[in-house]
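Computed from a predicted model, the values in this text were never measured in an experiment.
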Amino acid sequence: MPMAESMSRSRMEGEDRQDPLAEVRGRFVIPQGLRYFDGNSLGPLTHGARERLLRVMDVEWGQDLIAGWNDHSWIELPRRVGAKIARLVGAQDDEVVSCDSTSVNLYKLLAAAVNLRPGRRTVVCQADHFPTDIYLARGLVELLGEPHRLVLADPDDLDDAVDDDTAVVCLGHVDFRNGRLLDMGELTRRIQDRGALTLWDLSHSAGALDVRLGEHGVDMAVGCGYKFLNGGPGAPAFAYVRRDLQDRVRTPLPGWLGHRDPFAFDVEYVPADGVGRLVCGTPPILAMATLDAALDAFDGVDLGDLRRKSVALGDHFLSLVEARCGGLGLELACPRDGAERGSQVCLRHREGYGVMQALIHRRVVGDFRPPDVMRFGLCPLYTRFVDVWDAVESLRDILATGAWRDERFRRRGVVT
């Protein structure tokens, strides 16, 4: 960790020159002068994705029309995109498929997990999970009816919450509010030792960390395509099922493209082999092709380098805040130890919303989560060390001058 007193903007420029991922930034469309720290909500456009989307619209759809399903292999996109994501999450090519939204995939796998553990009636979900995950778990339990039940538990208290009635435990790899990184290997082992299945939400880790699903023997996982995978607003999500479980998985949404022979149009549903049975309806080709191209930004990227830079960016950010922003009302809201932190740093301020809006006005873009948390996503593919310096300097000036008090920064938008 750098000594705060030795840090300077020129030091950060030197870090950027030595960065093994420095050239990858050129694959992204980053507006001039923008310091972007919101890739944990929406990743930026890549040049490759823009070119691919235009080609799909103008040629594949515009000229070739329905022939695109065969001539351009549109029908294979869910598996092809899934295989690209598999490399980023430590899975085999045939263990990941891209389809639907994170929410829909989570519901499918929660239901499948309960079915795989007959006689077990409890679903355990992380108490401070992203709210959708809890809503969906509760919705499934309510649909199944008694004696099924939902238990909300802190990750530190799973030994008390998981018992011989637990079918599945749903956890977030990185906490969306505070950036806490859970120990996937240790928690997976403890849960499985009690006979339950694990279902991890990778929405805030896939594409930013060195995720190792296979190494840890994870049963199931879901994740988002538009955050650190940079697939664009509302991009398709993905689902992972460990290979030995796939042919026992029953989806509650047996759509026609999850059929073994969809173009036979048989009224009897026969699930496709493997993870392809999780595909439900027709894939959104424009969105899927965009995500497919966006994933090419990871070509040649070593996931070890990715994680090391993520930790270094966060350590520098927090060291600078400690050195430059002392006494200005900030509190740490994320783990200080980089090994326990995902690819974001989080700070509390009693007027966090206004402070973040003032930062955005100065083209330093992070986001806010209630009641008082400012989040700064750190994407190693395009975030520079000098961006961190500039962000903290802007933050210091806003707090020191009280610029956040301007009424325009206090009016809340629909999206925060």
Donor-acceptor under 3.5 Å (T290 side chain, L286 main chain): yes
Lys/Arg-Asp/Glu bridge criterion (N-O < 4.0 Å) met for R11, E15: yes
Test: R260 and E268 ion pair at under 4.0 Å: no
R27 bridged to D299 by N-O distance under 4.0 Å: no
No-hydrogen, no-angle side-chain donor-acceptor test under 3.5 Å, S319 and R336: yes
Under 3.5 Å: donor-acceptor pair, side chain of Y240, backbone of V218: yes
V114 side chain near V123 side chain, heavy-atom distance below 4.5 Å: yes
Salt-bridge present (R180, D156; N to O < 4.0 Å): yes
SB check R242 E95 (cutoff 4.0 Å): no
Non-hydrogen atoms of Q126 and G172 that approach each other most closely: OE1-N, 2.9 Å
Geometric class of the W256/F263 ring pair [parallel <30°, tilted 30-60°, perpendicular >60°]: perpendicular
Aromatic plane relationship, F176 with H204 - under 30° parallel, 30 to 60° tilted, over 60° perpendicular: tilted
N-O pairing of R307 and D305 below 4.0 Å: no
Beyond-backbone contact of L395 with V364, side-chain heavy atoms, under 4.5 angstrom: no
R341 bridged to D315 by N-O distance under 4.0 Å: yes
R277 with D247: basic N within carboxylate O range, under 4.0 Å: yes
Note: D175-R177 ion pair, threshold 4.0 Å (strictly below): no
Cationic N near anionic O, under 4.0 Å, R212 to D210: yes
Sidechain N-carboxylate O distance under 4.0 Å for R9, D390: yes
Whether K84 side chain and D292 backbone form a donor-acceptor pair below 3.5 Å: yes
Side-chain heavy-atom pair L106, C170 within 4.5 angstrom cut-off: yes
NZ/NE/NH1/NH2 to OD/OE distance under 4.0 Å, R189 and D193: yes
Plane angle bin for H259 and Y269 - parallel if under 30°, tilted between 30 and 60°, otherwise perpendicular: perpendicular
Pair R362 + D397: basic N to acidic O under 4.0 Å: yes
Donor-acceptor side-chain pairing of N178 and Q344 below 3.5 angstrom: no
Side-chain H-bond candidate by donor/acceptor type, D64 with H72, under 3.5 Å: yes
Residue pair T46 / N230, side-chain donor-acceptor N/O under 3.5 Å: no
R412 charged N/C atom sitting above Y353 aromatic ring, 6.0 Å / 45°: yes
Residues, nucleotides or ligands: over 12 heavy atoms within 6.0 Å of R250 CZ: no
salt_bridge(R25, D387) N-O dist < 4.0 Å: yes
Flag side-chain contact, heavy atom, 4.5 Å: I30 against P44: yes
Lys/Arg N to Asp/Glu carboxylate O, D16 vs R384, below 4.0 Å: no
Between W389 and S8, a side-chain donor and acceptor under 3.5 Å: no
Heavy-atom check, side chain of R194 versus side chain of T166, under 4.5 Å: no
Residue pair D133 / L110, side-chain heavy-atom distance below 4.5 Å: no
